[in-house]
Amino acid sequence: MTQDLAPRLDAAAALTEARLSRALAGAPEDGERLRPERLMAAMRHGALAGGKRLRPFLVLESAALFGVAPQAAVTAAAAVECVHCYSLIHDDLPSMDNDDLRRGRPTVHKAFDEATAILAGDGLLTLAFDLLAGEDAHPSPAVRIALVRALARAAGIGGMVGGQMLDLAAEGRFDGGAPLALELGAIRDLQAMKTGALLVVSCEAGAILGQADERARAALLAFGRALGAAFQIADDILDVEGSVEAVGKGVGKDADAGKATLVSTLGLDEARGVLADLVAEAQAALAPFGARTGTLAAAAAFVAARKS
Ligand code: GRG
């Protein structure tokens with residue numbers, strides 16, 4: 001990791017952790033009657049103390065390009081992380097990926113039970129939009145609405161949820177058949193939706209918070225798309241080459257499920273080449289911001305080289 005990236009990732013993680021802890025406190029907020037203790041414990045298990053906090057980091061760093069202070073961007077960053085954590089909890093469920101380990105700890109349905117894990121995910125998804133609706137997300141209602149719309153579009157039908165649906169279909173889940181031999185374009189669509197969309201919206205949120213002009217927003221979107229694609233290929237490579245200890249979750253699952261990924265389709269060497277091209281593409285997209293983008297450029301390289 002480049003020298004100045006690690007402390008900035010750590011700082012983003014600490015700030016996000018503090019904001020999430022506050023949002024997941026036991027006392028009810030205005031309009032709530034009470035917060036069931038088991039639900040809160042499961043939500044905290046799924047959302048606190050773990051993870052790279054890459055998405056919040058992207059929100060904070062993108063917002064910083066427009067002079068938005070970390071404290072002013074952290075509520076939006078925490079909202080995106082809530083959606084991410086919900087997706088991991090639900091993805092780990094027996095009916096989805098059926099994983100026992102996440103972030104080096106038991107998954108939420110293992111530490112609690114399946115019904116509680118479903119509700120903890122639902123609670124985190126709902127909390128994300130609660131956070132974005134509040135004034136500490138941004139003083140301008142128009143900016144808050146833009147954040148809500150962008151996150152909903154990234155998380156929902158044509159984004160992460162839709163991508164997960166395509167993924168389950170590709171595994172051959174619904175016809176009782178064999179996994180589908182997807183074309184490269186279909187694999188790219190699936191991955192851009194399932195994992196890319198949330199990374200893209202993390203960068204876009206910074207532009208929305210900073211009330212950026214169209215050119216700057218388009219540049220951040222292009223950066224996010226290339227970074228998102230790189231992230232997924234790196235994940236596919238880790239699934240082939242990583243160890244459970246380093247990755248903090250099960251590995252070898254794609255091959256076991258006969259899943260079509262860029263690695264299974266292109267082979268490891270070519271996939272590595274595509275990964276390097278995507279990192280270069282992400283870094284080139286930052287050109288309009290001049291010299292201020294060192295951390296985001298380093299983040300693109302980090303995503304490609306990560307071991308967990
Ligand atoms: C269940 C609606 C629904 C969606 C699930 C994102 C997703 C869709 C599933 C996650 C499955 C998975 C492991 C995908 C690979 C890429 C990915 C999102 C890895 C986890 O993200 P990191 O590495 O995790 O940023 P940390 O723990 O660091 O936050």
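Counting from 1, the numbers follow the sequence of the chain as shown. In each ligand, atom 1 is the first atom listed, and ligand 1 is the first ligand listed. For the numbers below, each heavy atom of this structure counts, side chains included, while hydrogens, waters and symmetry mates do not.
The side chain to side chain donor-acceptor pair (under 3.5 Å) analysis of residues 143-166, with sequence neighbours excluded, yields the pairs D91-Q164.
Considering CD of E114 and OG1 of T107, their distance stands at 10.5 Å, rounded to 0.5 Å.
A salt bridge between K259 and D167 is present, with a side-chain N of the basic residue lying under 4.0 Å from a carboxylate O of the acidic one. The pair R225-E281 does not count as a salt bridge, with every side-chain nitrogen at least 4.0 angstrom from each carboxylate oxygen. Between D92 and K110 there is no salt bridge, since no side-chain N of the basic residue sits under 4.0 Å from a carboxylate O of the acidic one.
When the heavy-atom distances from atom 8 (C) of ligand 1 to Q164, R53, M165 are ranked, the shortest goes to Q164.
Every atom of ligand 1 is numbered from 1 in the order shown, and the set under 4.0 Å from a heavy atom of T195 is 14 (C), 15 (C), 16 (C), 17 (C), 18 (C). Per-residue contacts place Y86 under 4.0 angstrom from the following atoms of ligand 1 (heavy atoms of the residue considered): 2 (C). Which parts of ligand 1 touch R306 is read off a 4.0 Å heavy-atom cut-off, strictly below it: atoms 23 (O). In the vicinity of G51, heavy-atom distances shorter than 4.0 Å reach the ligand 1 atoms 26 (P), 27 (O), 28 (O), 29 (O).
No side-chain donor from either of T16 and E81 sits under 3.5 Å from a side-chain acceptor of the other.
For ligand 1, the polar-atom distance check against H84 finds a nitrogen or oxygen pair separated by under 3.5 Å. Residue R103 places at least one N or O, backbone or side chain, under 3.5 Å from an N or O of ligand 1.
At a 4.0 Å heavy-atom cut-off, ligand 1 touches K52 through backbone and side chain alike. Of the heavy atoms in D235, only side-chain atoms (C-beta onward) come closer than 4.0 Å to ligand 1.
Take A111 and apply the side-chain contact (heavy atoms from CB on, under 4.5 Å) test, not counting sequence neighbours, and it matches H45, P106.
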